[in-house]
Amino acid sequence: MQSSNTLNRDSRVYIAGHRGMVGSAIWRLLESEGFSNLFGASSRELDLRNRDAVFDYVQKVRPDVVIDAAARVGGIHANSTYPASFLSDNLQIQVNVMDAANAAEVDRLLFLGSSCIYPKFAEQPIKESSLLTGELEPTNDAYAIAKIAGIMQVQAVRRQYGRRWISAMPTNLYGPGDNFHPENSHVLPALMRRFHEAKSNDSDEVVIWGSGTPLREFLYVDDLARASLFLLENYDSPETINVGVGKDAPIREIAERVAATVGYTGALTQDPSKPDGTPRKLLDVSRLNDLGWSAGTSLDDGLRATYAWYLDNLDSLRTT
Ligand SMILES: NC(=O)C1=CN([C@@H]2O[C@H](COP(=O)(O)OP(=O)(O)OC[C@H]3O[C@@H](n4cnc5c(N)ncnc54)[C@H](OP(=O)(O)O)[C@@H]3O)[C@@H](O)[C@H]2O)C=CC1
Ligand SMILES: C[C@H]1O[C@H](OP(=O)(O)OP(=O)(O)OC[C@H]2O[C@@H](n3cnc4c(=O)[nH]c(N)nc43)[C@H](O)[C@@H]2O)[C@@H](O)[C@@H](O)C1=O
């Protein structure tokens with residue numbers, strides 16, 4: 001599994017999605033590690049659904065390494081409300097980025113998928129070999145199918161062209177740069193904002209979606225950035241690899257920890273009319289641990305850092 005490494009501090013690295021939560025964390029890490037040839041374009045400058053524009057950009061940049069952290073991303077509500085957009089945008093973005101990278105003979109590429117690619121009732125903790133062994137969770141099946149196609153494209157390019165491309169499947173992520181939209185975001189930023197607003201408005205009740213019983217695992221985004229660099233330096237296999245912390249907790253308990261981080265002391269009420277999604281998706285991270293990498297940030301430290309970022313960026317939060 002060790003790769004003969006062509007990644008060095010002078011490598012030309014294109015990070016697709018470099019302004020998003022994950023892409024910006026990877027950019028920060030690579031910059032701090034001394035990488036001096038980083039490339040990125042915002043969606044305004046380069047819509048990755050525009051195939052010709054993507055080919056032109058990649059031909060111009062001539063990257064040695066591509067990290068695909070660009071996608072249409074959202075929580076359970078956004079995924080289940082806009083499935084056509086999640087399927088179509090993500091298929092287009094990843095096919096264009098990977099086809100352009102292949103045409104430019106890029107030898108190293110990291111594609112980021114998601115733990116939702118695994119079957120809804122996969123055996124826990126979920127091993128990489130569970131892929132395509134059962135039905136998907138309906139609230140994010142369209143997104144998951146796009147991500148599964150991405151894994152297959154990585155494997156197909158490896159087989160047909162011999163390129164050392166890899167894919168990694170992160171668990172649920174959070175951290176600085178997250179999307180704090182009230183409806184479209186993931187659970188941690190959504191609740192952090194709701195608790196903050198309740199505290200600011202002296203409100204004594206906050207509503208949590210669903211039953212509170214689903215189990216979720218959370219990885220701090222800077223840990224994902226470190227794992228991404230580690231994999232580019234140490235992993236070269238067609239098999240996808242899970243990236244997580246190996247621990248999960250019920251949403252209700254997670255909500256209580258977010259409330260404590262924010263300093264909200266009022267009531268927490270469940271809204272059972274909202275979907276729970278998959279009951280549990282704990283990743284088996286033994287493949288990554290066996291290579292010598294494990295996550296370093298505790299949930300409480302990560303929540304504190306995320307809340308500090310939220311307070312510093314209240315005036316410029318995303319609106320979609
Ligand atoms: N957040 C999570 O919990 C998880 C995320 N992942 C995966 O990690 C990756 C990054 O996610 P995350 O950082 O959270 O998402 P964000 O929404 O924070 O960032 C997504 C990025 O994709 C870019 N993008 C979206 N659409 C287009 C487009 N049409 N053209 C160009 N750029 C586009 C955005 O660009 P711009 O900002 O310029 O508009 C943005 O930088 C994704 O592949 C996601 O599936 C995997 C597991 C969990
Ligand atoms: C990363 C992953 O993210 C999505 O899947 P998910 O894990 O279900 O993500 P979520 O963060 O939105 O919800 C987690 C749990 O939390 C509960 N919950 C409570 N209160 C709020 C709340 O206020 N907002 C949200 N979003 N959820 C809430 C919610 O009901 C659910 O039980 C995928 O669509 C897919 O995109 C994907 O890959």
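Remember, it's 1-based here, ligands and their atoms both numbered in the order they're listed.
- Residues forming a salt bridge (charged side-chain N to carboxylate O under 4.0 Å, His left out) with E197 (at least two apart in sequence, or on another chain): R193.
- Scanning the protein for heavy atoms near atom 19 (O) of ligand 1, the closest one is G20 CA, 3.3 Å.
- Distances between N or O atoms of S42 and those of ligand 1 include no value under 3.5 Å.
- Between the side chain of T269 and the backbone N or O of V207, no donor-acceptor pair lies under 3.5 Å.
- Shown here, atom 34 (C) of ligand 1 is out of close reach of the protein: none of its heavy atoms lies under 4.0 Å off.
- Using a 4.0 Å cut-off between heavy atoms, H77 makes no contact with ligand 2 at all.
- Taken together through direct or relayed side-chain contacts under 4.5 Å among Ile, Leu, Val, Met, Phe, Trp and Tyr, I117 and I166 form parts of separate hydrophobic clusters.
- Counting heavy atoms under 4.0 Å from ligand 1, residue D178 does not touch it at all.
- Residue-to-ligand polar distances keep G210 apart from ligand 2: every N/O pair is separated by 3.5 Å or more.
- Taking distance alone, with nitrogen or oxygen atoms compared against 3.5 Å, H18 stays at or beyond that limit from ligand 1.
- Closest to atom 12 (P) of ligand 1 among all protein heavy atoms lies V22 CG2, 3.9 Å.
- Checked by distance only, ligand 2 and I76 come closer than 3.5 Å through their nitrogen or oxygen atoms.
- Of the heavy atoms in R318, only side-chain atoms (C-beta onward) come closer than 4.0 Å to ligand 1.
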